[in-house]
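The structure appears below as structure tokens.
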2 protein chains.
Amino acid sequence: MKQKPTLKVIAKELDVSVSTVSKALRDSKEIGEETKNKVKAFAKLYNYRPNNIALSLKNKKTKTLGVIIPEIVHHFFTTVISGIEHYANDKGYNVIVGLSNESFKKEVINLEMLANGSIDGFIISVAKETLSAKDYHHLSETIDQGIPIVMFDRVIDEIECDKVIVDDVKTSEKAVQKLINSNCKCIGIISTKDYVSVGRLRTEGYINALKSNGIKVNHNLILKIDDKFNSDDNLEFLEEQIHNYFETNEVDGLFAVNELYAITAMKVARLKGLSIPNDLQVIGFTDGVLSKHAYPPLTTISQHGFEMGEEAAKLLIDRLENTNEEEEPFKTTVVKTEIIDRETTKL
Amino acid sequence: MKQKPTLKVIAKELDVSVSTVSKALRDSKEIGEETKNKVKAFAKLYNYRPNNIALSLKNKKTKTLGVIIPEIVHHFFTTVISGIEHYANDKGYNVIVGLSNESFKKEVINLEMLANGSIDGFIISVAKETLSAKDYHHLSETIDQGIPIVMFDRVIDEIECDKVIVDDVKTSEKAVQKLINSNCKCIGIISTKDYVSVGRLRTEGYINALKSNGIKVNHNLILKIDDKFNSDDNLEFLEEQIHNYFETNEVDGLFAVNELYAITAMKVARLKGLSIPNDLQVIGFTDGVLSKHAYPPLTTISQHGFEMGEEAAKLLIDRLENTNEEEEPFKTTVVKTEIIDRETTKL
DNA sequence: CAGCTTAGCTACATCGTTTTCGTGTTGATA
DNA sequence: TATCAACACGAAAACGATGTAGCTAAGCTG
């Protein structure tokens, strides 16, 4: 086992000073050609690489980004991480991932654990518990300490920072409009409780679409699921709620605010003997593996998670590397969406 | 924006020395009660937290783990990451994620980027390209430098390090045996090319099961998909290969080495008018979202990815924190598997 | 009262790097 | 020959924290 060489050992070995070695490796013109070559050759031979930690301490920047998400076993979030990684790596940044598991406490711990110099900035999608508790002090304090935050998907209006979102309202309008155009007479929505911003906004879009088509909004057709935690865990609960929903409503068009709700609704509908898309048309939100491989393949809205990730990383790194005296104003980037036509809708 | 206070500013503010502050905060008995209280109160007021980077430099350990995986938009890998995170966080470690995208070059870059002091050890699942090229110098060099590596799932026999695997051979035997017991007369397997260790081993298990039941092995029934990269990208290619396979083989039982192959095979079979599980029984490997939500829900083998992650983190952290003089011998942990009975098999 | 202990604090080195500010030597110039 | 620039390099500070060793004053003992 050979230890990583440091400037000091190279210096001693070649009988020059540490500063000379450092300068030679950085190709400073202060150092003579001969010495430079000697040092470089030696460094190459022993595979010298500057110690990142020492550099971080000196430069007061770590070149790593902290990403905090509610869960990682989740297609959308991992797609976003891919995008973040891609852009970040390209710019020489590393990505350190923290999981909140939708828990406020874990979110706070993660933030504190990383805010002690380990990272230069955060990219975060807020936990449901945080959203419902409306306790954002950890976020504002972090920003206060000069650590920039970029929020994506689940954002908080009250906090001033860069944000990357999708136009949930407009997108949902489009989806519901598509159902209307496909001759659906009774369109329902399966959404989340209102404290989840995306659920609220998508419901808003659903209502807008109905209204602008002169359709009266029937609040029984709006199902708001209360899944505080990982929804995969209480699948039966979800199925039961959807089952009850179908018992009391005769829908022929359904808009679900995520894949799982859509897939589960399809499953329940199938059990009731409904044929998709003949008896019931379905549109989901988020284009994940489930949608693509479902039977029948689900018509859904692609959020372009990869682009969201890239954009979030870009916003963050831009801010980190902005050397201007004046602070840049905060930006909110809206990533465009797209309806992926598959087989759960007609037309 | 208030900057993070350092020991130095606290010291100056309270007119004591830096060491006094440090010791007071660590509750050293060298410092008088009065001074301690004063310092602690001040530190609390200004929310002092020791700078992680400085600590890392001093202690020569970063308390972060580097995880390098082929892709992150993948249920199994994210489940493993969850397990790693869970155990690591518990022990006060952070997790930094690198993606190889199945590329040898990216794997090397990621390793080098992190091996410069940023992390204390690696947890890695090797890229397909690395496996097929059989070039492991980056791994052995890393270990040589004293940075421990734990491999999981896709491991390399030639490299000596801790490993976490599943008993692929035995597990596959069990799965195929189940098909035999369910009266399948012609059982096929969809696997990967042999350089992917898990594909090779699972094929081995398939062959073992047939042999031990006195069934002659027909090599036409063994389909080895060559997907060097993310298999989601060349879905048509996969479908085509499976389609051809079904054209030339009349199988009534199918074992697939991953979810996607299983689901895709089911889709192709359905197109051919086959009914599942009546005409064709299917068992997959890896219990992901696809299996659970497929139609019909897929009988599959759970690898317990979460436990694998926890175990990998445990092996790594144990080694890192082992203060004994002698090196511990390398361990290979075999995580148990389980067949999840769903609706693509009879019985 | 010399000598010793001890409480309570400070100085300093250290981790690995970069960077500023010297400093000594050479060769050229006035 | 004194002066000066250019060259090639070294010493030291700095980043933030920790720990060892050293120092001072007070209190005690014989």
Side-chain angles (χ1 to χ4, degrees), chain A residues 3-40 42-43 46-64 92 114-120 145-147, chain B residues 3-40 42-43 46-64 92 114-120 145-147:
Chain A
Q3 279 298 339
K4 296 230 87 176
T6 66
L7 289 187
K8 205 199 275 186
V9 316
I10 298 183
K12 185 180 286 181
E13 213 67 31
L14 296 180
D15 212 35
V16 292
S17 80
V18 173
S19 8
T20 305
V21 178
S22 173
K23 284 170 189 164
L25 291 174
R26 326 199 93 245
D27 224 3
S28 156
K29 52 192 159 313
E30 285 182 52
I31 308 297
E33 277 307 316
E34 204 182 340
T35 318
K36 268 196 218 172
N37 292 334
K38 190 175 64 176
V39 172
K40 282 183 189 165
F42 193 92
Y46 286 93
N47 193 31
Y48 170 80
R49 296 266 178 282
N51 180 309
N52 245 319
I53 298 292
L55 287 179
S56 297
L57 183 59
K58 186 112 236 291
N59 303 332
K60 294 178 154 240
K61 49 177 83 165
T62 60
K63 285 253 176 185
T64 88
L114 297 177
N116 297 282
S118 302
I119 53 97
D120 294 341
Q145 280 170 21
I147 304 176
Chain B
Q3 279 299 338
K4 296 230 86 174
T6 66
L7 288 187
K8 204 200 273 187
V9 316
I10 298 183
K12 186 181 284 179
E13 212 68 30
L14 295 181
D15 212 35
V16 290
S17 80
V18 173
S19 5
T20 304
V21 178
S22 172
K23 285 171 187 163
L25 291 174
R26 327 200 92 243
D27 225 2
S28 156
K29 53 195 160 311
E30 284 183 51
I31 308 297
E33 276 309 315
E34 203 182 340
T35 318
K36 269 195 218 173
N37 291 334
K38 189 175 64 175
V39 171
K40 282 183 188 166
F42 193 91
Y46 286 93
N47 194 32
Y48 169 80
R49 296 266 178 282
N51 180 310
N52 247 320
I53 297 293
L55 288 178
S56 296
L57 184 59
K58 185 114 234 293
N59 303 330
K60 298 185 150 229
K61 49 178 81 166
T62 59
K63 285 250 172 189
T64 87
L114 297 176
N116 296 270
S118 302
I119 52 98
D120 294 341
Q145 279 169 22
I147 304 177

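Residue numbers start from 1 in every chain, and the chains themselves are labelled A, B, ... in the order their sequence lines are given, proteins ahead of strands. Not measured: the values here are computed from a predicted model.
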Validation: residues 10-20 of chain A side-chain donor-acceptor distances under 3.5 Å, sequence neighbours left out:
from    : atom 1 : to      : atom 2 : distance (Å)
A/Ser17 : OG     : A/Ser19 : N      : 3.4
A/Ser17 : OG     : A/Ser19 : OG     : 3.3
A/Ser17 : OG     : A/Thr20 : N      : 3.2
A/Ser17 : OG     : A/Thr20 : OG1    : 2.9

Base, sugar-phosphate alone, or nothing: which one does A/Val16 contact when heavy atoms must sit under 4.0 Å apart? sugar-phosphate
Residue whose closest nucleotide on DNA chain C lies nearer the 5' end, B/Lys36 versus A/Leu55: B/Lys36
What is the distance from CG of B/Leu14 to P of C/dT10, rounded to the nearest Å? 11 Å
Kindly say if B/Lys60 contacts the phosphate of C/dG16, meaning a side-chain N or O under 4.0 Å from OP1 or OP2. yes
How many Å lie between CG on B/Asn51 and P on D/dA14, as a whole number? 17 Å
Quick one: closest heavy-atom pair of A/Ile31 and A/Ala24, and the distance? CG1-N, 4.0 Å
Give, ordered by number, those residues of residues 19-29 of chain A having at least one heavy-atom distance below 4.0 Å to an atom of DNA chain C; if nothing qualifies, reply none. A/Ser19, A/Ser22, A/Lys23, A/Arg26
Tell me which of A/Val18 and B/Glu33 sits closer to the 5' end of DNA chain C, going by the nucleotide each one is nearest to. B/Glu33
For C/dG16, take OP1 and OP2 only and decide whether either is under 4.0 Å from a side-chain N or O of A/Thr6. no
Gap between atom NZ of B/Lys36 and atom CZ of B/Arg26 - 0.5 Å precision: 12.5 Å
B/Ile10 atom CD1 is separated from D/dT18 atom C1', nearest whole Å, by 15 Å
Could you state the CG-P distance from A/Leu7 to C/dG16, rounded to the nearest angstrom? 10 Å
Write down the distance between CD (B/Glu30) and C1' (C/dA7), rounded to a whole number of angstrom. 10 Å
Does OP1 or OP2 of D/dA17 have a side-chain N or O of B/Tyr48 closer than 4.0 Å? yes
B/Ser56 near the nucleic acid: base, sugar-phosphate alone, or nothing, with a heavy-atom cut-off under 4.0 Å? nothing
How long is the straight-line distance from CD of B/Gln3 back to NZ of A/Lys60, given to the nearest 0.5 Å? 6.5 Å
Report the distance from atom CG of B/Leu57 to atom P of C/dA13, rounded to the nearest whole Å. 17 Å
A/Arg49 has an atom CZ; how far is it from atom P of C/dT17, in whole Å? 12 Å
Does atom OH (A/Tyr46) have a neighbourhood of more than 12 heavy atoms from anything else shown, all under 6.0 Å? no
Atom pair distance, as rounded to whole Å: NZ in B/Lys38 and C1' in C/dC9: 11 Å
Return the minimal non-hydrogen interatomic distance between A/Asp120 and A/Thr62, and the atom names on each side. OD1-N, 2.7 Å
Got A/Ile147 and A/Ile119 here, is their nearest side-chain heavy-atom distance under 4.5 Å? yes
